[in-house]
**Student:** 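Handing you a structure now.
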Amino acid sequence: MNNFVRNTHKLNKHYIGRLYSQVVTPFEVKAEQGSCVNYDKLIEQFGSDPISEEQIRRLEAITGKKPHHLLRRGVFFSQRNFSDILDAHEKRNSKVPPFYLYTGRGPSSQSMHIGHLIPFIFTKWLQDTFDVPLVIQMTDDEKFLWKDLDQKTLRTMTVENIKDVIAVGFDPKKTFIFNNFDYMGHMYRTVSRIQKSITTSQVMGCLGLTNSSNIGKIAFTASQAAPCFPSSFPHIFRDEKLNSKIKCLIPCAIDQDPFFRITRDISNKLGFQKPCLIHSKFFPSLQGNNSKMSASDGMSSIFLTDTDKQVQSKINKSMSGGGATLEEHEKFGANLHADIPYQYMRFFMEDNDELERIGREYSSGRMRTMEVKKIAVELLLDIIKGHKQRREQITQQTIDDFMNTSQDKWK
Ligand code: TYM
C-alpha cells in the first residue's frame with residue numbers, strides 16, 4: 001500500500017466512526033447529513049467482499065497491465081467472485097471468450113452526468129485489458145416504470161445517452177448496446193425463466209417495494225437480470241452448449257448490487273454461472289459526500305452537456321473542506337474528505353504524484369480553496385471537452401453498428 005492510499009484509508013476509518021444511518025438502493029443513496037456513505041458497512045450489509053491487494057497484484061501479473069487508478073485508489077472497492085474472472089482469464093483458450101462484460105444505464109435525463117462516466121471508463125479499461133465482448137443495457141423500461149416520463153421522451157433520452165456511452169470509446173467490434181423496449185423479444189425467454197424463479201416478496205424486500213408499487217417494478221428485476229446470462233444474446237453466444245460455462249463480470253456502482261444479489265441466488269438453478277461483480281463508490285453530489293451525484297437532481301450534478309461557464313460556476317459553489325476563514329484554514333488545513341473539488345480529482349486525475357502533492361499542500365493549509373477549485377475546473381473541462389469531441393463524431397451509422405443484432409461481427 002503506498003502512502004497516499006494508506007492515508008486515505010486512515011481518513012476513511014476516522015469518518016466511519018461517525019456514520020450510522022444510511023440508505024443505499026438502486027433508487028436512493030443517502031448518508032446522514034454531515035457524514036458520508038460508510039462503504040465498510042455497506043460491504044457488510046450487502047455481503048460482498050472487499051477487493052484485496054492480492055487480487056490487484058494478480059490482475060497486474062496475469063494481464064501485464066498497470067491497474068487502473070480507479071482500482072489503485074480504492075474507488076472500485078468491492079467485488080463478488082472477481083477471482084473467478086482472473087482464473088477464467090488465465091485458463092482461456094482462443095476459441096471461446098473466457099467471460100463477457102455487462103453494464104448499463106437507465107436513460108432518465110437528456111445527458112449523462114460526469115459521475116456516470118466512472119463505471120463506463122472502468123469498463124472500457126477492462127475491455128481493453130481482457131479483450132472480451134461487452135453488452136450494455138439501456139433500461140428505458142425501468143425509467144418508464146419509475147419516473148413520470150412518456151415513451152416518446154424516453155426514446156430521445158435513450159438515443160442521447162447511447163451517444164454518451166459510445167463516446168467513452170468502446171471497441172465497436174466487441175460491444176453490443178441494446179435498449180429493453182426494442183430488444184426484449186430476443187431475451188424474453190430468459191426473462192420469463194427468471195420471473196418464474198423469483199417471488200414477489202423477494203423482489204419487494206430487496207428493492208424496497210411495497211404492495212402499492214406497480215407490477216412492472218416487480219417484474220423489472222428480470223429485465224436487468226437477463227443480460228447476466230449468455231442465452232440473452234444468441235447472436236453473440238451461438239453455441240448453446242457453452243451457455244452454462246460462460247461467466248459474466250458486471251462493473252457498476254454499488255447501488256445496482258441488489259438486482260444482482262437476487263440474480264446470483266437463482267443462477268445455478270437455471271443452469272448458468274453466477275454473475276461476478278466489481279463495485280465502485282459513488283461520485284459525490286456537488287452538495288457533499290453524503291449523497292451521490294444524481295441525474296434526477298440537477299442541482300447535484302455536472303452534466304456532460306454543461307458549458308464551461310456552468311461547470312466553473314457549479315464547482316465554485318460546491319461543498320468545500322477548506323477552513324471557514326483564512327486564519328482557520330492556515331491553522332487547521334482542509335478536510336480533504338469533505339472537499340468536493342478534491343474528491344472529484346481523486347476520480348479523474350491520473351497523475352498520482354500531482355494528486356498527492358495537492359492533497360498534502362491543501363490538507364496542511366498551504367494551498368487555498370480557490371486554487372484547488374481552479375485545478376478541478378480545468379480537469380473536468382478537459383474531460384468534458386474530450387467527451388464532446390468524440391460525441392460529435394457519432395453518426396446514426398455508428399449507433400446502428402453498436403446495436404446491430406446480426407451475428408456477423410461476432411464470428
Ligand atoms: P443508472 O443510469 O442510474 O447509472 C448508470 C451507471 O452509473 C452508476 N452510477 C454512478 N457511479 C458513480 N457515481 C455516481 N454518482 C453514480 N450514479 C450512477 C450506476 O451504478 C450504473 O453503473 N438500472 C441501471 C441500469 C443498468 C445497469 C445494468 C447498471 C441496467 N443494467 C448493469 C449497471 C450494470 C441504472 O438505472 O443505472
Side-chain angles (χ1 to χ4, degrees), residues 23-30 102-120 123 135-168 176-188 191 194-195 203-204 206-210 212-228 232 250-260 262-263 280 282-283 285 291-306 391 399 402-403:
V23 183
V24 176
T25 73
F27 314 105
E28 191 184 7
V29 174
K30 197 112 198 93
Y102 160 40
T103 194
R105 156 79 182 139
S108 59
S109 54
Q110 288 292 341
S111 159
M112 294 197 336
H113 63 59
I114 193 157
H116 286 131
L117 289 180
I118 299 305
F120 286 105
T123 301
V135 298
I136 302 178
Q137 179 178 51
M138 306 300 293
T139 51
D140 41 10
D141 54 345
E142 176 188 16
K143 296 307 158 186
F144 179 68
L145 293 164
W146 260 269
K147 307 255 169 195
D148 187 17
L149 290 168
D150 63 73
Q151 296 197 356
K152 197 164 162 233
T153 310
L154 269 165
R155 182 168 280 280
T156 324
M157 288 179 170
T158 304
V159 174
E160 292 310 308
N161 283 213
I162 286 174
K163 289 186 197 161
D164 279 333
V165 169
I166 293 175
V168 173
F176 173 55
I177 304 179
F178 61 101
N179 65 305
N180 285 351
F181 278 143
D182 293 317
Y183 187 69
M184 191 52 77
H186 299 262
M187 59 177 191
Y188 195 55
V191 166
I194 297 166
Q195 286 174 342
V203 176
M204 281 170 63
C206 202
L207 299 186
L209 301 178
T210 63
S212 57
S213 302
N214 70 54
I215 60 170
K217 289 186 182 179
I218 310 271
F220 170 75
T221 296
S223 302
Q224 185 151 333
C228 299
S232 294
I250 307 169
C252 57
I254 197 159
D255 59 334
Q256 298 299 311
D257 187 70
F259 286 117
F260 303 120
I262 307 185
T263 313
S280 79
F282 302 112
F283 192 79
S285 134
S291 64
K292 69 166 185 171
M293 184 170 277
S294 163
S296 7
D297 176 4
M299 297 296 289
S300 78
S301 300
I302 294 176
F303 290 97
L304 293 165
T305 41
D306 280 352
R391 200 179 187 283
I399 298 177
F402 274 99
M403 301 187 78

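Quick caveat: nothing in here was measured; it's all calculated off a predicted structure.
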**Student:** Taking all atoms of both residues into account, what is the closest heavy-atom pair of A226 and M187, and its distance?
**Tutor:** CB-SD, 3.9 Å
**Student:** Roughly how far apart are S301 OG and K292 NZ, rounded to 0.5 Å?
**Tutor:** 9.5 Å
**Student:** How far apart are the closest heavy atoms of I162 and I177, and which atoms are they?
**Tutor:** CG1-CG2, 4.1 Å
**Student:** Return yes if some donor-acceptor pair links the side-chain N/O of S232 with the main-chain N/O of C228 below 3.5 Å, else return no.
**Tutor:** no
**Student:** Would the distance check show the side chain of N214 and the main-chain N or O of L145 forming a donor-acceptor pair, the cut-off being under 3.5 Å?
**Tutor:** yes
**Student:** Any donor and acceptor pair, going by atom type alone, linking the side chain of D140 with main-chain N or O of F181 inside 3.5 Å?
**Tutor:** yes
**Student:** Using a 3.5 Å distance criterion without hydrogens, assess whether the side chain of S291 forms a donor-acceptor pair with backbone atoms of V29.
**Tutor:** no
**Student:** Answer yes or no: are there more than 12 heavy-atom neighbours, outside R155 itself, under 6.0 Å from its atom CZ?
**Tutor:** no
**Student:** Side chain of T25, backbone of F27: donor and acceptor closer than 3.5 Å?
**Tutor:** yes
**Student:** Keeping the roles fixed (side chain from S280, backbone from P119), state whether a donor-acceptor pair exists under 3.5 Å.
**Tutor:** no
**Student:** Distance check, rounded to the nearest 0.5 Å: I118 atom CD1 versus M293 atom CE?
**Tutor:** 10.0 Å
**Student:** If you take all heavy atoms of F178 and P227, which pair is closest and at what distance?
**Tutor:** CZ-CG, 3.8 Å
**Student:** Determine the minimum heavy-atom distance between R391 and E160, stating which atoms define it.
**Tutor:** NH2-O, 2.8 Å
